[in-house]
*Asks:* 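Sharing a structure here in structure tokens format.
Here the structure is a predicted model, which means the values were calculated and not measured. Basis for what follows: all heavy atoms, side chains included, without hydrogens, waters or symmetry-related copies. Order of listing sets the numbers, starting from 1, for every ligand and every atom in it.
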Amino acid sequence: MENENKNLMEKIISLSKRRGFIYQGSEVYGGLAGTWDYGPLGVALKNNIKNLWWKMFVDSREDMYGIDAAILMNSEVWKSSGHVDTFTDPLVECTKCKRRFREDQLKEKDVCDDCGGKTGEARQFNMMFATQIGAVEDSSATVYLRPETAQGMFVNFKNVVDSFHPKLPFGLAQIGKAFRNEITPRDFIFRVREFEQMEIEYFLKPADWEKYFEYFRGEMLQWMEIIGIDMNHVHELEVGDGDRAHYSARTVDFEFDFPFGRKELYGLAYRTDFDLKNHGLTYQDEDTNEKITPHVIEPSFGLDRTVLALMASAYTEDTNGEEVRPYLAFKPSVSPVICAVSPLLKNKPELREYAHIVYRMLKDEFGRVMWDDNGNIGKRYRRQDEIGTPWCIVVDFDTLTDDSVTIRDRDTGMQERIKKEDIVDYIKDKLN
Ligand code: GAP
């Protein structure tokens, strides 16, 4: 089983690179640890996830307000939020080879993962990336790259209340980059130094926190199901006292059985009034004039971990005799390419011309459509299967006389003949 999982991880990493999902960051210069670059298909996958998330948690709701805050924030934000003092991980150094590790991630306590030497005393290491703003290099010019998108929402709480006058409960939502100087980035895009979060800060009356904690727990589970994460591999973990982040009075982690083990995918936290109180922000009810510091429920979703969980959930292999057919069984709504269009033969102008009309029609309708005339039809199907394209459309000689095309289903390999004018509805029906 361990070997199988190791293989699965290797297959996902190799497919990601070969087919243009994810490349090593700064690869031509030997890479930069803990950074990855998303290629054309990876960007498409991420954008689909972000759009679905925004639709579900912002656009379809009446109580949610979008934010896109600056990544660089006044350092007072991070002093008030507790990150300057407490956003740390325990770091140990090997007394022999001097390599550094996160103490809680060592395979064996007090033993170096690399050389087997003894590790020294742990010291706390702050994970925020500091940089200098402007031309002066002194401590007053130090700013941090945000380690969570959350604070961008807390510091805009009053702005949104003043502009929109929302009634409690309501939420702010944001998708954006976050940065953490992880001591040991590892497991592909699972633990990286630059990543994206999709977060909600939901403000409410203190007495309502349990009700909305349960409510968002349900919403998070529903989200995972909607996008196609394998729910058999999702587990909830009540995070115990002492293990929670400094701001949280209750946390439930949603863990996923990644190929390298069961690890945190998302988190749901009850941040109480910790952040608003520390920033000195309050809310006044316009009807009753009652002034309170709202409490906060925070559903937090890592985008890169979503991509990895989706790829691991979708990766499938069929065997037909000797031949193994790998494919990504993505839901059409997240799949980077909805359909590919091919002329049966590459060198027949009349087929190419017709296929191009079909391609243009579908591209105008769905956007995520690929032209594929490379190699023979079998090779094209295999390539599209590997990147998770749900449908392949082929224009052949019959098309020229009856205006019908073949449409092949990725999962079953079955082909149907349909009229050109019915393709859009055929796909739309299956998308909804
Ligand atoms: N605002 C709350 C917060 O940031 P967190 O549990 O530290 O909480 C939230 O992070 C989510 O961000 C995690 O559940 C995970 O999905 C993602 N995440 C955290 N650190 C990460 C890293 N180094 N690489 C990739 N994703 C990460």
*Asks:* What residue and heavy atom of the protein are closest to atom 17 (C) of ligand 1, and at what distance?
*Replies:* G302 CA, 3.8 Å
*Asks:* Please name the residue in the list H83, Q124, R123 that meets the side-chain hydrogen bond (donor to acceptor under 3.5 Å, both in side chains) test with T88.
*Replies:*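 Testing T88 for a side-chain hydrogen bond (donor to acceptor under 3.5 Å, both in side chains) against H83, Q124, R123 leaves exactly one candidate, Q124.
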*Asks:* Which protein heavy atom lies closest to atom 9 (C) of ligand 1, and at what distance to 0.1 Å?
*Replies:* S300 OG, 3.0 Å
*Asks:* Using the ring of each side chain (for Trp, its six-membered ring), is F203 parallel, tilted or perpendicular to F154, with breaks at 30° and 60°?
*Replies:*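 Ring orientation, 0 to 90° scale: perpendicular.
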*Asks:* Under 4.0 Å from ligand 1, counting heavy atoms only, is it the side chain of V192, its backbone, both or neither?
*Replies:* both
*Asks:* I'd like to know if D59 pairs up with K55 as an ion pair, taking the criterion as any Lys NZ or Arg NE/NH1/NH2 lying under 4.0 Å from an Asp or Glu carboxylate oxygen.
*Replies:*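 A salt bridge is absent here (no side-chain N lies under 4.0 Å from a carboxylate O).
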*Asks:* So, does D110 use its side chain to make a donor-acceptor pair with the main chain of K118 at under 3.5 Å?
*Replies:* no
*Asks:* Where does Y247 meet ligand 1, judged by heavy-atom distances below 4.0 Å: at the side chain, the backbone, both, or neither?
*Replies:* side chain
*Asks:* Answer whether the closest heavy-atom distance between the side chains of F179 and I71 falls below 4.5 Å.
*Replies:* yes
*Asks:* Would you say the ring centers of F274 and H246 fall short of 6.0 Å from each other?
*Replies:* yes
*Asks:* Just heavy atoms, cut-off under 4.0 Å: does D253 contact ligand 1 by side chain, backbone, both, or neither?
*Replies:* neither
*Asks:* Are K46 and Y38 in a cation-pi contact, defined as NZ or CZ under 6.0 Å from the six-membered ring centre and within 45° of the axis?
*Replies:*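 Positive - K46 is close enough to the ring of Y38 and near enough to its axis.
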*Asks:* Please confirm whether R271 comes under 4.0 Å of ligand 1, counting heavy atoms of the residue only.
*Replies:* yes
*Asks:* Please list the nearest protein heavy atom to atom 6 (O) of ligand 1 with its residue and the distance rounded to 0.1 Å.
*Replies:*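 Answer, as residue, atom name and distance: E264 OE2, 3.1 Å.
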*Asks:* Closest non-hydrogen protein atom to atom 18 (N) of ligand 1, residue and atom name please, with distance?
*Replies:*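 Result: F195 CE1, 3.5 Å.
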*Asks:* Ligand 1 versus Y266, non-hydrogen atoms closer than 4.0 Å: side chain, backbone, both, neither?
*Replies:* backbone
*Asks:* Considering distance alone, does some N or O of E298 sit under 3.5 Å from an N or O of ligand 1?
*Replies:* yes
*Asks:* Tell me whether S335 contacts the main-chain N or O of P332 through its side chain, where contact means a donor paired with an acceptor under 3.5 Å.
*Replies:* no
*Asks:* Closer than 4.0 angstrom: is that true for some heavy atom of F190 and an atom of ligand 1?
*Replies:*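 Checking ligand 1 against F190, which is what was asked, there is a heavy-atom contact under 4.0 Å.
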*Asks:* Can you check which of E199, E182, K263 brings a heavy atom nearest to atom 1 (N) of ligand 1?
*Replies:*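 Ranked by closest heavy atom to atom 1 (N) of ligand 1, first place is E199.
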*Asks:* For atom 20 (N) of ligand 1, grab the closest protein heavy atom and report residue, atom and distance to one decimal in Å.
*Replies:*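 Result: R180 NH1, 3.3 Å.
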*Asks:* Could you tell me whether the side chain of R99 and the main chain of D113 form a donor-acceptor pair under 3.5 Å?
*Replies:*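 Here the side-chain-to-backbone pair does not exist.
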*Asks:* Note the single closest protein heavy atom to atom 26 (N) of ligand 1, along with its residue, its atom name and the distance in Å.
*Replies:*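 Going by distance alone, atom 26 (N) of ligand 1 is nearest to R305 NE, 3.4 Å.
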*Asks:* Please confirm whether E148 comes within less than 3.5 Å of ligand 1 when only nitrogen or oxygen atoms on both sides are compared.
*Replies:*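 In this structure, E148 places an N or O atom under 3.5 Å from an N or O of ligand 1.
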*Asks:* With ring centroids as reference points, do W36 and Y23 lie under 6.0 angstrom apart?
*Replies:*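 No, the ring centres sit 6.0 Å or more apart.
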*Asks:* Do E148 and R180 sit within salt-bridge range, that is, some charged N less than 4.0 Å from a carboxylate O?
*Replies:* no
*Asks:* For ligand 1, which atoms have a heavy atom of G267 less than 4.0 angstrom away?
*Replies:* 14 (O)
*Asks:* Just to confirm my output: which protein heavy-atom neighbour is closest to atom 16 (O) of ligand 1, and how far is it?
*Replies:* L265 O, 2.6 Å
*Asks:* Is it the side chain, the backbone, both or neither of Q197 that has a heavy atom closer than 4.0 Å to ligand 1?
*Replies:*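 Just the side chain.
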